[in-house]
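Just the heavy atoms: all of them, side chains too, but no hydrogens, waters or symmetry mates, feed the values below.
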Amino acid sequence: QVQLVESGGGLVQAGGSLRLSCAASGRTISTYNMGWFRQAPGKERAFVSAITPIGERTYYADSVKGRFTISRDNAKNTLYLQLNSLTPDDTAVYYCAAGQGVVRFSRAGYDYWGQGTPVTVSS
């Protein structure tokens, strides 16, 4: 079992930045693909970004490419998401997730989920 706890969300003005963290416990995440998803009010949870176990490959949704950066520190068992140039459309609850095998861009590819951290971007 992998327990995931997100932090770092909050209220920020458009154009601002945030850094989300996802602390894992129970098992090392060094063998897991890690991902970030987000769920805006009234919408389904959507893929944001993913990273392979040792960070050699990263993936991004088109809507965040060039603005968000995913990274991981396996020694600290922690996943990160740097959010820059935020817009009100980025307002959502952000979830981290862990999965194994082929990297997937859907919820089905992940076995463990955190409880989410809210991000609100004001205009």
So, does [X] use its side chain to make a donor-acceptor pair with the main chain of [Y] at under 3.5 Å?
X	Y	result
Thr117	Glu6	no
Arg45	Val93	no
Thr78	Lys76	yes
Asn74	Ile54	no
Asn77	Arg27	yes

Sequence neighbours excluded, every pair satisfying disulfide (SG to SG under 2.5 Å) that has a member inside residues 29-102: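 Non-adjacent pairs meeting disulfide (SG to SG under 2.5 Å): Cys22-Cys96.
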Pairs satisfying disulfide (SG to SG under 2.5 Å), at least one member in residues 30-81, at least two apart: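 Qualifying pairs, neighbours excluded: none.
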Pairwise distance [atom1]([X]) to [atom2]([Y]) - rounded to 0.5 angstrom:
X	Y	atom1	atom2	value
Ser17	Leu83	OG	CG	8.0 Å
Asn84	Leu86	CG	CG	7.0 Å
Asp111	Gln100	CG	CD	7.0 Å
Thr58	Arg72	OG1	CZ	11.5 Å
Tyr112	Ile29	OH	CD1	13.5 Å
Gln82	Leu18	CD	CG	8.0 Å

[X] with [Y], same ILVMFWY side-chain cluster at under 4.5 Å:
X	Y	value
Val121	Val48	yes
Leu79	Val64	yes
Leu4	Phe47	no
Tyr110	Met34	no
Trp113	Tyr94	no

Salt bridge (Lys or Arg N to Asp or Glu O under 4.0 Å) against Lys65, all qualifying residues, sequence neighbours excluded: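 Salt bridge (Lys or Arg N to Asp or Glu O under 4.0 Å) list for Lys65, sorted by chain: Asp62.
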With Arg67 via salt bridge (Lys or Arg N to Asp or Glu O under 4.0 Å) - residues at least two apart: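 Scan of Arg67 (salt bridge (Lys or Arg N to Asp or Glu O under 4.0 Å), adjacent residues dropped) gives Asp90.
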Residues Asp89, Ser63; criterion side-chain contact (heavy atoms from CB on, under 4.5 Å); working and verdict: CA-CA 9 Å; Asp89 287 342; Ser63 59; over 6 Å; no
Identify the two heavy atoms, one from [X] and one from [Y], that lie closest to each other, and give their separation to 0.1 Å.
X	Y	value
Asn33	Gly101	ND2-O, 2.7 Å
Val103	Ala50	CG1-CB, 3.9 Å
Ser122	Pro88	C-CG, 4.5 Å
Tyr32	Ala98	CD2-CB, 4.0 Å
Pro41	Thr91	CD-O, 4.3 Å

Over 12 non-hydrogen atoms of neighbours within 6.0 angstrom of CD in Glu56: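 Atom CD in Glu56 is crowded, with more than 12 foreign heavy atoms closer than 6.0 Å.
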All ring pair (Phe, Tyr, Trp, His ring centres under 6.0 Å) counterparts of Tyr95, not counting sequence neighbours: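 Tyr95 satisfies ring pair (Phe, Tyr, Trp, His ring centres under 6.0 Å) with no other residue.
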Within residues 58-85 or reaching into it, pairs that qualify as ring pair (Phe, Tyr, Trp, His ring centres under 6.0 Å) - sequence neighbours excluded: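 Found Tyr59-Phe105.
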